[in-house]
Every structure is written in structure tokens, then in C-alpha cells.
Amino acid sequence: MPKEKVVVPPQLKYITGGRLNMVVLRANKEVSRIDTSSNLFLGDRSIVKHDTMDRVSFLPCAVFKVTLDFKKEQLCLLETSNRETTDWVLMSCMGNNAFYDKTTQRLLLRQCAVCLQTN
């Protein structure tokens, strides 16, 4: 999906944009990738829990991977990084913490975690 404007609280104003990299379906030990080149994944019954008039909510087995871009480079944690600064970060969000707002046409992700590895 293309880079989108990201809405963040005031304390996170250093984030300028982001993009959905992939949606992964985790079933037991198997992992499969859901196509996100269009919004068709919003109707995929393997990851959609509820689809109402104004919202799509997702099952916990769906994992959203997004990249957030920063206004300027941020310092990296020395213990977990092999470089000193970065201007982006990869985040992960479980499906039960995500929903798609049909009114604003936005994917909302809550309680995201920083991914320390990109596998």
C-alpha cells in the first residue's frame, strides 16, 4: 500500500507517515501472507471478525506489519541495533488491537510493538 499520513498524539509528532507492509495470518505454527495491494483484505473472512456499517474488526490471528517514518533521524538502542540512528521503524500489531474505520477510511492500530528483526 502507498505511504499514508499518520495521525498520532502530540507526544509522537516526530512521526511523519507510514505504510502497511503486510498482513500475516497466523494459524498454529503456520504463517501465510494476506495480499494488501488493494483493500480486498478488508473482506477476507480468514482475518475479519466483524464487518459492520462503519467498522471492520479483525481476529487475533491477523498480524499487521507497518513502517513508520520519522521527521528526522532518531537514536537507536545500542543493545538491539547495529546502527546509531534511523529515520523509520517497523511496527507490529495483533488483529484484536486493530480496526478499519469505514467513515474515515483509515486503518487504526493500537498497542503496536517495535519489531527488532525483519524476517
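As the structure is a prediction and not an experimental result, all values here were calculated from the model.
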Minimal heavy-atom distance between Val23 and Thr36, with the atoms involved, is CG2-CG2, 3.5 Å
Taking the side chain as C-beta and beyond, is there a heavy-atom pair between Val48 and Leu59 under 4.5 Å?
no
For side chain to side chain contact (heavy atoms under 4.5 Å, CB included), just list the numbers for Phe99 and Arg55, CA-CA rounded to whole Å, side-chain angles, deciding distance to a tenth of an Å, and then say yes or no.
CA-CA 7 Å; Phe99 68 91; Arg55 169 187 280 204; 3.2 Å; yes
Which atom names give the shortest non-hydrogen contact between Ala98 and Leu109, and what distance separates them?
CB-CD2, 3.4 Å
Inspect the surroundings of CZ in Arg33 and state if more than 12 heavy atoms from other residues, nucleotides or ligands are less than 6.0 Å away.
no
Atom pair OH/CZ of Tyr100 and Arg106 - distance to nearest 0.5 Å
10.0 Å
Check this for me: does any side-chain nitrogen of one of Arg45 and Asp51 sit under 4.0 Å from a carboxylate oxygen of the other?
no
Please report the interatomic distance CZ(Phe58) to CG(Leu25), rounded to the nearest 0.5 Å.
12.5 Å
Taking every heavy atom of Cys93 against every heavy atom of Arg110, the minimum-distance pair comes out as SG-O, 3.3 Å
Hey, are Asp69 and Arg19 close enough for a salt bridge, meaning a charged N less than 4.0 Å from a carboxylate O?
yes
Qualifying residue for side-chain contact (heavy atoms from CB on, under 4.5 Å) with Leu90, from Val66, Val114, Leu68, Asn21
Asn21
Going from CD on Glu30 to SG on Cys61, what distance comes out if it is rounded to the nearest 0.5 angstrom?
12.5 Å
When you look at Val63 and Ser92, which way does the side chain to side chain contact (heavy atoms under 4.5 Å, CB included) test go after all the steps?
CA-CA 7 Å; Val63 181; Ser92 179; 3.3 Å; yes
Verify, without hydrogens or angle tests, whether Asp101 (side chain) and Thr103 (backbone) share a donor-acceptor contact under 3.5 angstrom.
yes
Heavy-atom pair of closest approach, residues Met53 and Lys102
O-CD, 3.5 Å
Closest non-hydrogen atom pair between Ser46 and Ile34, with its separation
OG-CD1, 4.1 Å
Strictly distance-based, threshold 3.5 Å: is any side-chain N or O of Lys49 a donor or acceptor partner for the main-chain N or O of Gly95?
no
Would you check, one step at a time, whether the test side chain to side chain contact (heavy atoms under 4.5 Å, CB included) holds for Tyr14 with Gln74?
CA-CA 9 Å; Tyr14 59 90; Gln74 304 290 315; 4.0 Å; yes
Of Thr16, Val89, Leu12, which meets side-chain contact (heavy atoms from CB on, under 4.5 Å) against Phe70?
Val89
Side-chain donor-acceptor pair present, Thr85, Asp87, cut-off under 3.5 Å:
no
Once you round to the nearest 0.5 Å, how far does CG of Asn96 lie from CE of Met94?
6.0 Å
Residue pair Phe64 / Phe41: nearest heavy atoms and the distance that separates them:
CE2-CE1, 4.1 Å
